[in-house]
Structure formats: structure tokens, C-alpha cells
Amino acid sequence: MGNKNRFLKVMTAMGVAVTIMFVMPITAQTQTWYCGAYDNPGGVSSVTATLVDGTLTISGIGNMSNNYFIDNIPWIDQRTSITKIVIGNSVTSIGGYAFYNCSGLTSVTIGNSVTSIGGYAFYNC
């Protein structure tokens, strides 16, 4: 009886370890930030940014916020791992300094509704 209980405890612990191994990397690779401007007519925009496996996707409706201080860029700590940027079709502006120093950037797709790009948005990319 003792060996059976010990076996079940070991198997249960292994199952938890296997579950953590498979769940942790998936959730750790996806990050989302709010990056909408507060100056949109009718209120705050709904623009967000999601980083998955090196691709930063900007989506939602309205303007991106301007980042006049480098520390205000939500994804500043991940900037060197960003290789691709996709700006959705309902985003109307790209904020200043938005992608500052994204040195690993190899591809940018800008949606057809973008009417302005802030200063230094792609500086040192």
C-alpha cells in the first residue's frame, strides 16, 4: 500500500511539472500593453500593442500615444527582440518615439488609415 501511494504522489508531481513546462513558455511569450492616446475626439482611443514571438501588433481604433520620454514606451524592455511591426487598419497615427531603438526590426506593415507618424517613431531601427 505504501509503494502505491508513493507512486501516485510521484506521478502527480510529474504531471504538475509537465503541465507547467508546457504552459509557461506559451504565456511568457505573449505580452499586451495599452498605447492609446488621450486626445481623440470623443474620448480615449482603444489602441493596444501585443508582442508574440517577435511580432508587435498595434490594433484598435484611434491614435497611438506620443512617448516624449523613452521610459514611457510600454515595450521599451523588449525593443531589441521586436523583429516585425504590424499596424492595424483602424489605427490613425503612430506615436512619436513609438519604436525607438528597435534594433532587430526587419519588417513594418502600416495600415491604410494611418495619417501621421510622430517624430523619431522609427529612430535607430
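Positions are given from 1 along the sequence.
- One distance of note links OG1 of Thr106 with NZ of Lys84; it measures 8.5 Å at 0.5 Å rounding.
- Side-chain contact check for Thr48 versus Ser59: some heavy-atom pair is nearer than 4.5 Å.
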Exercise for review: Please test Ile82 against Leu51 for side chain to side chain contact (heavy atoms under 4.5 Å, CB included), starting from the C-alpha separation and ending with a verdict.
Suggested key: CA-CA 8 Å; Ile82 297 170; Leu51 178 62; 3.9 Å; yes
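- Atom OG of residue Ser107 and atom CD1 of residue Ile85 lie 9.0 Å apart, to the nearest 0.5 angstrom.
- Note that CG of Leu56 and CD of Gln78 are 9.5 Å apart. Values are rounded to the nearest 0.5 Å.
- A 4.5 Å side-chain heavy-atom check between Phe99 and Ile73 finds every atom pair outside the cut-off.
- Expressed to the nearest 0.5 Å, how far OH of Tyr34 lies from OG of Ser65 amounts to 7.5 Å.
- Side-chain contact between Ile58 and Val86 is absent, with no heavy atoms from C-beta onward closer than 4.5 Å.
- In terms of heavy-atom proximity, Gly95 sits nearest to Met64 at N-CB, 3.5 Å.
- Relative ring orientation between Tyr123 and Tyr120 is described as perpendicular, the plane-to-plane angle rising above 60° on a 0-90° scale split at 30° and 60°.
- Across Asn63, Val47, Asn66, a single residue satisfies side-chain contact (heavy atoms from CB on, under 4.5 Å) together with Ser93, and that is Asn63.
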Point to revise | Asn89/Ser113 under side chain to side chain donor-acceptor pair (under 3.5 Å): CA gap, chis, key distance, verdict | key: CA-CA 5 Å; Asn89 284 330; Ser113 62; 5.6 Å; no
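- Summarising the geometry, atom CZ belonging to Arg79 is positioned 7.0 Å from atom CG belonging to Asp77; distances are rounded to the nearest 0.5 Å.
- Trp75 has its side chain within reach of Cys35: a pair of non-hydrogen atoms, C-beta onward, lies under 4.5 Å apart.
- You'll find the side chain of Ile87 stays beyond 4.5 Å of the side chain of Thr109, heavy atoms only.
- Counting only heavy atoms from C-beta outward, the side chains of Val52 and Thr50 approach each other to under 4.5 Å.
- Residues Asn67 and Ala98 come closest through the heavy atom pair ND2-CA, 4.0 Å.
- Contact of the Ile110 side chain with the Ile117 side chain is registered, since non-hydrogen atoms from C-beta on lie closer than 4.5 Å.
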